[in-house]
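Presented below is the structure to which this report refers.
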Amino acid sequence: MPFAAGQVDVTTPVKMPQIIEDALTSKLAEWIDENLPESIPATIPVHVANRDELRSRPCIVLATSEAKRVPAMANTARIKLDVHLFSQIDDTPAATHAQWAAAIGDLLRDKAAIRTDLGSSTFILHDLIARETGTSPDEARGRETVLTFEAVVSAV
């Protein structure tokens with residue numbers, strides 16, 4: 001039976017949040033790579049989590065979780081976005097690691113530039129809200145900073 005305008009089939013599972021997460025991470029990873037601040041070496045790669053990429057340190061990794069559909073907006077979700085900065089204690093002093101993390105945070109707070117550069121007929125970043133940041137030792141000789149954001153994204 002066809003649905004009237006404005007009606008949605010809620011019995012069919014929809015993988016829309018996964019599509020939105022993939023669109024967000026792939027577009028944002030490319031954008032970060034193209035817009036790295038001068039204080040971060042251009043040799044530092046930007047990756048998307050859950051892909052089979054070899055990762056050397058230092059590197060930046062984008063990961064999403066907790067995608068929740070926004071019922072009032074079609075093809076829209078609120079997504080937890082974690083931006084990880086990994087480095088090795090032997091190669092990167094703590095002050096340099098902290099400087100890179102701050103530069104990444106500043107870059108991602110430029111929502112107007114991100115919206116302008118990534119906006120299209122199939123992708124809209126409504127908001128990117130900074131949540132928390134933390135740095136901790138990672139593995140035996142590594143360091144990890146996680147910058148957490150909440151993204152509100154529409155994608156088809």
| Could you walk me through whether Val48 and Asn50 pass the side-chain contact (heavy atoms from CB on, under 4.5 Å) check? | CA-CA 7 Å; Val48 175; Asn50 301 324; over 6 Å; no
| remark: Minimal heavy-atom distance between Ser121 and Val156, with the atoms involved, is O-CG2, 4.5 Å
| request: Take atom CG of Asp106 as the centre, draw a 6.0 Å sphere, and report whether it contains more than 12 heavy atoms from other residues, nucleotides or ligands. | output: yes
| said: Tell me whether Glu30 at atom CD has more than 12 heavy atoms from other residues, nucleotides or ligands lying less than 6.0 Å away. | reply: no
| field | Option from Leu108, Asp127, Ile129 for which side chain to side chain contact (heavy atoms under 4.5 Å, CB included) with Phe149 holds | value | Leu108
| Could you state the interatomic distance from CG (Asp110) to CZ (Arg115), rounded to the nearest 0.5 Å? | 10.0 Å
| Nearest heavy-atom neighbours spanning Leu85 and Ala101 | CD2-N, 3.6 Å
| Same cluster for Ile89 and Val146 if Ile/Leu/Val/Met/Phe/Trp/Tyr side chains link at under 4.5 Å? | no
| said: One pair to check against side-chain contact (heavy atoms from CB on, under 4.5 Å): Leu36 and Ile60. What are the steps and the verdict? | reply: CA-CA 11 Å; Leu36 272 179; Ile60 300 167; 4.1 Å; yes
| query | In Å and rounded to the nearest 0.5 Å, what is the CG to CD1 distance from Leu24 to Ile19? | reply | 14.0 Å
| note | Note: Gln88 and Gly142 closest approach over all heavy atoms is OE1-CA, 4.0 Å
| task | Quick one: do Ile124 and Thr76 satisfy side-chain contact (heavy atoms from CB on, under 4.5 Å)? Show the steps, please. | result | CA-CA 9 Å; Ile124 300 169; Thr76 302; over 6 Å; no
| said: Please report the interatomic distance CZ(Arg78) to CD(Glu66), rounded to the nearest 0.5 Å. | reply: 12.0 Å
| note | Apart from Met73 itself, its cluster of hydrophobic side chains linked below 4.5 Å comprises Val70
| task | Spell out, as yes or no, whether a donor-acceptor pair under 3.5 Å connects the side chain of Arg55 to the backbone of Phe86. | result | no
| task | Check whether Leu81 and Phe123 end up in the same hydrophobic cluster, where Ile, Leu, Val, Met, Phe, Trp and Tyr are linked by side-chain heavy atoms less than 4.5 Å apart. | result | yes
| Just how far is it from atom CD1 of Ile20 to atom OG1 of Thr64, taken to the nearest 0.5 Å? | 11.0 Å
| field | Counterpart residues, side chain to side chain contact (heavy atoms under 4.5 Å, CB included), relative to Asn35 (two or more places apart) | value | Trp31, Leu107, Asp117
| Atom of Ala67, atom of Ile79 and distance for their closest heavy-atom approach | CB-CG1, 4.0 Å
| Residues Ile32, Leu62; criterion side-chain contact (heavy atoms from CB on, under 4.5 Å); working and verdict | CA-CA 10 Å; Ile32 291 170; Leu62 295 143; 4.1 Å; yes
| message | If we count only N and O atoms by modelled type, under 3.5 Å, do the side chains of Asn75 and Ser154 hold a donor and an acceptor together? | response | no
| same_hphob_cluster(Ile114, Val152) at 4.5 Å side-chain heavy-atom cutoff | no
| said: Using 0.5 Å steps for rounding, measure from the OG1 atom of Thr145 to the CZ atom of Arg143. | reply: 8.0 Å
| field | For Ala49 against Ala63, the heavy-atom pair lying closest together | value | CB-CB, 3.7 Å
| note | One should read off an interatomic distance between Thr116 OG1 and Leu125 CG, to the nearest 0.5 angstrom, of 10.5 Å
| said: Treating Thr25 as the side-chain partner and Glu21 as the backbone partner, does any N or O pair qualify as donor plus acceptor under 3.5 Å? | reply: yes
| message | Consider side chain to side chain donor-acceptor pair (under 3.5 Å). Of His97, Arg57, Arg141, which one does Ser87 pass it with? | response | His97
